[in-house]
Amino acid sequence: MIDIKKLRDNFEDVKSSLITRGYSLDEPSFKALEDNRKLLQVEVEKLQADRKKLSGEFGKLKSSGEDTSALKKTIDLTNAELETKDLELQEILNSLNALLLDIPNLPHESVPKGKSEKDNVVIKNYGSIDTSNTLDHLEITNDIDTELAAKLSGSRFAVLKGDIAKLQRALISFMIDTAIKNGYHEYYVPFMANEDSLIGTGQLPKFEEDLFKTSDKLYLIPTAEVPLTNLFRNEFLDEKDLPIKVTSHTPCFRSEAGSYGKDTRGLIRQHQFEKIELVQITHPDHSMSCLDNLLANACEILEKLELPYQIIELCTGDLGFSSSKTFDIEVWMPSQNKYREISSCSNFSDFQARRANIKFKNKDGNNLVHTINGSGLAVGRCLIALIENNFNGSDSIKVPECLEQYFGSNEIKIN
RNA sequence: GGAGAGUUGGCUGAGUGGUCGAAAGCGCCUCCCUGCUAAGGAGGUAACUGGGCAACUGGUUCGAGGGUUCGAAUCCCUCACUCUCCGCCA
């Protein structure tokens, strides 16, 4: 949620900033609502003050045994007027709030301007790509079984077997241990979250169709960002503890509504996938350097895995709803002959902190923190990259050195 | 699933119809004192939000939502959560 004061005071600035990311503010309806709100709020608060005063007088009369009937008449009148005015005000406040919840975060000034992903900027390339192998992961190994998964659940699920299941487990352990080494505190969290949590991180109310909802009004988490960030919802943090760095491995659940026919083959786009998430709760003055730090933490994983990748800086038009600045890390996928997203590292500035009410106190008063997060990394896609990039072309997949202690071998034999 | 107890400020915790946004303690801030540190003394310190250029001045909030009342932290109802005991159980 953006700051409503900014909207009131710098409407034109906010409006033009939002246009760069393709969002057009409904100016007349905001202005009308805001003018009305101001008028009604002043009236309502005046009436409330009146009632307070009159009730005090009423009490005094009553306790000294005097007649209260005349005063009661006045109070009743005040209360009646208050009730109608307050109802009107609530309605306007609700509309205003709905409008506000719908507005995406403002892009940071450093974000390149652009309309779509075509305008994103490649800012780094790492490793050298090998175009000799064009087989995809399903063709290389039989231990990824989507037909079995279809029997169990449906499309966009997978069953992993044997060494591939083990390799996934090795990847998870390696990534979590790397995060811990980089100063992140490990959490094990619930995989279902309540509505308030999803509102806090920005998935609700706008993106409900992307989530799986249970019959108990809980949602399956689409990312560990939700539980990890909401650990701090409604908390006052100690300024000296910032930045707080936390991590968790969780499965992630996404309905993928609206992506019918897209990435239908293999592990690339599933309803359920494993991910290690990195979250930093930071001081607003240092959030950009924290984002750089988090991005480096995510890249380190790919470098240790010896996988070629590139970093993309998203342009204003391609930014996610809650983000003010985002770097995507894309890993080389031989079978697709292109780079695919494996992590998205974002600075949400105070957007989530305002929704989730995460603050710290200092001598200047109460301040919203900034929240940063990114994957470190998406395990399913990492598995694909590893299988496809490390396939020797005939009968084995090389296991990188950093995984050997977790996997127990330096290669996977294919039969 | 059954029975009971709770939910109050940054934290602990008093408060059972008006003088309560709320005692006390802790923490924090400012000042005093001590060579430094520790201890001690004085004062200040809830959040959110409106109006106003400002000085300043209103409103809301005691788990959430309803209700009773001129007036609710306090009484009633519904819900959520926490704790204890019983049952069941990985």
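Per chain, numbering begins at 1; letters A, B, ... match sequence-line order. Keep in mind that the numbers below use all heavy atoms, side chains included, and drop hydrogens, waters and symmetry copies.
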Quiz item: Say you pick atom C1' in B:C89 and the same atom in B:U74; how far apart are they, in whole Å?
Solution: 41 Å
Quiz item: For B:G25, what is the paired nucleotide under Watson-Crick or G-U wobble rules, both distances under 3.5 Å?
Solution: B:C11
Practice problem: Between A:Lys72 and A:Glu45, just flag the one whose closest nucleotide in RNA chain B comes earlier from the 5' side. | Solution: A:Glu45
Exercise. Would you indicate which nucleotide in B:G51, B:G10, B:G59 comes nearest to any side-chain atom of A:Phe236?
Key: B:G10
Quiz prompt | A:Lys359, nearest nucleotide to its side chain (from B:A47, B:G59, B:G51) | solution = B:A47
Practice problem: Using the ring of A:Phe58 (Phe, Tyr or Trp, six-membered ring only), decide whether A:Lys72 places NZ or CZ under 6.0 Å from its centre and within 45 degrees of its axis. | Solution: no
Exercise. Look at A:Lys53 and B:C70 and indicate whether a side-chain polar atom (N or O) is within less than 4.0 Å of OP1 or OP2.
Key: no
Quiz item: Is there a donor and acceptor pair closer than 3.5 Å between the side chain of A:Gln41 and the base of B:G50?
Solution: no
Quiz prompt | Distance-minimising heavy-atom pair for A:Ala298 and A:Leu278 | solution = N-CD1, 4.4 Å
Quiz item: For A:Leu100 and B:U49, what is the distance between atoms CG and P respectively, to the nearest whole Å?
Solution: 12 Å
Practice problem: Look at A:Lys60 together with A:Glu57 and state whether they make a salt bridge at an N to O cut-off of under 4.0 Å. | Solution: no
Practice problem: Please work out which residues in residues 79-97 of chain A have a non-hydrogen atom less than 4.0 Å from an atom of RNA chain B and list them by number. | Solution: A:Asn79
Exercise. Using the P atoms only, state how far B:U7 lies from B:C76, rounded to an integer number of Å.
Key: 14 Å
Practice problem: Report the distance from atom CG of A:Asn234 to atom C1' of B:C81, rounded to the nearest whole Å. | Solution: 14 Å
Exercise. Look at all strands and tell whether A:Arg354 reaches a base, only sugar-phosphate, or nothing, counting heavy atoms closer than 4.0 Å.
Key: nothing
Quiz item: If you find the nucleotide of RNA chain B closest to A:Ile75 and the one closest to A:Val44, which residue's nucleotide is nearer the 5' end?
Solution: A:Val44
Exercise. Grab the CG-P distance between A:Leu39 and B:G50 for me, whole Å please.
Key: 16 Å
Quiz item: Looking across every strand, which nucleic acid part, if any, lies under 4.0 Å from A:Lys73 by heavy atom: base, sugar-phosphate, or nothing?
Solution: nothing
Quiz item: Taking OP1 and OP2 of B:U69, is either one under 4.0 Å from a side-chain nitrogen or oxygen of A:Arg51?
Solution: no
Self-check item: Shortest non-hydrogen contact from A:Ile268 toward A:Ile384
Solution: N-CD1, 3.6 Å
Quiz item: Between A:Asn389 (side chain) and A:Trp332 (backbone), is there a donor-acceptor pair under 3.5 Å?
Solution: yes
Practice problem: Indicate, with a heavy-atom threshold strictly under 4.0 Å, whether A:Lys46 touches base, sugar-phosphate, or nothing. | Solution: nothing
Quiz item: Under 4.0 Å between a side-chain N/O of A:Arg8 and OP1 or OP2 of B:G50, yes or no?
Solution: yes
Self-check item: G-U wobble or Watson-Crick pairing nucleotide for B:A90 (cut-off 3.5 Å, both distances)
Solution: none
Quiz item: Would you say the side-chain atoms of A:Gln352 pair up with the backbone N or O of A:Thr229, donor to acceptor, closer than 3.5 Å?
Solution: no
Self-check item: Atom-pair distance (CG on A:Asn366; P on B:C28), nearest Å
Solution: 17 Å
Practice problem: Find the partner of B:U16: check Watson-Crick (N1-N3 plus N6-O4 or O6-N4) and G-U wobble (N1-O2, O6-N3) distances, both under 3.5 Å, and reply none if neither fits. | Solution: none
Exercise. May I ask which nucleotide in the shown strands pairs with B:C85, Watson-Crick or G-U wobble, both distances under 3.5 Å?
Key: B:G2
Quiz prompt | Whole-Å gap separating C1' (B:G27) and CD (A:Glu239) | solution = 16 Å
Practice problem: Can you tell me the pairing partner of B:U61 across any strand shown, Watson-Crick or G-U wobble, with both distances under 3.5 angstrom? | Solution: B:A46
Quiz item: Once you round it to whole Å, what is the distance between C1' of B:U49 and NZ of A:Lys6?
Solution: 19 Å
Quiz item: Between A:Lys361 and B:G9, does any side-chain N or O lie under 4.0 Å from OP1 or OP2?
Solution: no
Quiz item: What is the base-pairing partner of B:C31, counting Watson-Crick and G-U wobble geometry with both distances under 3.5 Å?
Solution: B:G41
Quiz item: Taking the same atom, C1', in B:A46 and in B:G52, what whole-Å distance lies between them?
Solution: 24 Å
Practice problem: Between B:U8 and B:G1, how far apart are the C1' atoms? Round to whole Å, please. | Solution: 32 Å
Quiz prompt | Distance, rounded to the nearest Å, where A:Gln48 contributes CD and B:C48 contributes P | solution = 19 Å
Quiz item: Roughly how far apart, to the nearest Å, are B:A64 and B:U60 at atom P?
Solution: 15 Å
Quiz item: Under 4.0 angstrom, heavy atoms only, what part of the nucleic acid is A:Lys52 near: base, sugar-phosphate, or nothing?
Solution: sugar-phosphate
Quiz item: A:Ile4 has an atom CD1; how far is it from atom C1' of B:U49, in whole Å?
Solution: 11 Å
Quiz item: Does A:Asn392 reach the main-chain N or O of A:Asp395 with its side chain, forming a donor-acceptor pair under 3.5 Å?
Solution: yes
Self-check item: Backbone of A:Glu256 reached by a side-chain donor or acceptor of A:Ser259 within 3.5 Å
Solution: yes
Self-check item: A:Asp350 bridged to A:Arg354 by N-O distance under 4.0 Å
Solution: yes
Quiz item: Is the side chain of A:Asn105 donor-acceptor paired with the backbone N or O of A:Phe348 at a distance under 3.5 Å, no angle test?
Solution: yes
